[in-house]
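Below, read A as the first sequence line, B as the second, and so on, with proteins coming before strands; counting in each chain starts at 1.
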2 protein chains.
Amino acid sequence: MKSVPLYQAKAEMFRLLGHPVRIRVLELLSERPMPVRDLLTAIDVEATGLSQHLAVLRRSGMVTAQREGPTVVYALAGGGVANLLVAARTLLTQMLVGRNELLNELLAEAGAP
Amino acid sequence: MKSVPLYQAKAEMFRLLGHPVRIRVLELLSERPMPVRDLLTAIDVEATGLSQHLAVLRRSGMVTAQREGPTVVYALAGGGVANLLVAARTLLTQMLVGRNELLNELLAEAGAP
DNA sequence: CCACCAATTGAAAATTTCTGCAATTTGCTA
DNA sequence: TAGCAAATTGCAGAAATTTTCAATTGGTGG
């Protein structure tokens, strides 16, 4: 039964998140469930491109889709996504700060060699 | 100055994590700093391939490298990475559970249609 | 100094992922 | 029921990533 190593499942999950459009979608959905039309106006992407990315997220089980009349409403499948996005923001901050410190050191060296 | 939108920076960060070898490296380093040689015995990858992935992580500022005599010791650059990996495990669990529930529903349907 | 081990680099080949187009599906309403 | 809007699908070309190979650097012991 056991087929995919855990670290590979993790990598695949992160890869899912590794696209600007999909990140935007998840961020928007972490505020509230939303029809495709709203996502489309909020994100700079063609309808067909958005559909592709939504399909990726749907297949992974990270979001759910539900048809409501003429529109389809998407929602996050669970709270875990929002948590991960928060952790990501924290790490990103650290990384950017780290870079900035390095940059400052380089500038200091250049100023007074 | 402000050049890259935040959601794109996030996507790039996730993309960094989207590879099995890089995930393994970060998990191992979250236990303790480690020379390349140890990573090499723990992960199923060629030395040259590992170097490529280490270079990716280094350039991003997620890990640091320090030469100690004949070997190079790598370490996580900050605690944020470890936190993110924990959040990832949680989300992955949720996703797998969600899938399992869906699977069970399908099996139930098939059993008593 | 030379030979060797650890690790890295650069670049081409192989693979994966993205984008954009044409065509289709679904539900509503005139 | 014909027509329209909302979404999706399948696919081909373009773009990005990964793998692999040959060559190189840094450090150490003989």
query: Does anyone know the first and last nucleotide of DNA chain D in reach of chain A, 5' to 3', at under 4.0 angstrom to a heavy atom?
result: D:dA6 to D:dT18
query: With a 4.5 Å limit on heavy-atom distance, are the side chains of A:Arg22 and A:Leu17 in contact?
result: no
field: Spacing between A:Glu68 atom CD and C:dG27 atom C1', to the nearest angstrom
entry: 13 Å
task: State whether the distance check finds a donor on one side and an acceptor on the other, under 3.5 Å, for side chain B:Thr48 versus base C:dT9.
output: yes
- request: Grab the two heavy atoms, one from A:Gly18 and one from B:Arg15, that are nearest each other, plus how far apart they are.
  value: O-NH2, 2.6 Å
query: Which comes earlier along DNA chain C counting from the 5' end, the contact point of B:Val73 or that of A:Val56, where each point is its nearest nucleotide?
result: B:Val73
task: Take the protein atom CD of B:Gln8 and the nucleotide atom C1' of C:dC18, then report the distance between them rounded to whole Å.
output: 14 Å
message: Any base atoms under 4.0 Å from B:Gly69, or only sugar-phosphate, or nothing? Heavy atoms, all strands.
response: sugar-phosphate
query: Is B:Phe14 reachable from B:Val86 through a run of hydrophobic residues whose side-chain heavy atoms are each under 4.5 Å from the next?
result: no
message: If I compare all heavy atoms of A:Leu91 with all of B:Gly80, which pair ends up nearest, and what's the gap?
response: CD1-C, 3.8 Å
query: Starting at CG of B:Leu40 and ending at P of C:dA6, how long is that distance when rounded to a whole Å?
result: 9 Å
- prompt: What is the distance, rounded to the nearest whole Å, between atom CD of B:Gln66 and atom P of C:dT8?
  reply: 13 Å
- prompt: Do B:Val73 and B:Leu39 sit in the same hydrophobic cluster, where Ile, Leu, Val, Met, Phe, Trp and Tyr count as joined when their side-chain heavy atoms come under 4.5 Å apart?
  reply: no
message: Using whole Å, what does the distance between atom C1' of nucleotide C:dT8 and atom OH of B:Tyr74 come to?
response: 8 Å
query: A:Asp44 CG to C:dG20 C1': how many Å, rounded?
result: 14 Å
message: Ring-plane angle category for A:His53 and A:His19, please: parallel below 30°, perpendicular beyond 60°, tilted otherwise.
response: tilted
message: Over all strands shown, is A:Ser51 touching base, sugar-phosphate only, or nothing at heavy-atom distances under 4.0 angstrom?
response: base
query: Is there a donor on the side chain of A:Gln52 or the base of C:dG20 sitting less than 3.5 Å from an acceptor on the other?
result: yes
query: Nearest-Å distance, CG (A:Leu54) to P (C:dC18)?
result: 14 Å
- prompt: Heavy atoms, side chains only, cut-off 4.5 Å: are B:Leu84 and A:Leu84 in contact?
  reply: yes
Proximal nucleotide (of C:dT9, C:dA7, C:dT17) relative to the B:Thr71 side chain: C:dA7
statement: Atom CZ of B:Arg59 and atom C1' of C:dT9 are separated, to the nearest Å, by 10 Å
query: Looking at B:Arg37, does any N or O in its side chain come under 4.0 Å of the phosphate oxygens OP1/OP2 on C:dT8?
result: no
query: When the nearest nucleotide of DNA chain D is assigned to B:Val21 and to B:Arg67 on a heavy-atom basis, which residue is associated with the more 5' position?
result: B:Val21
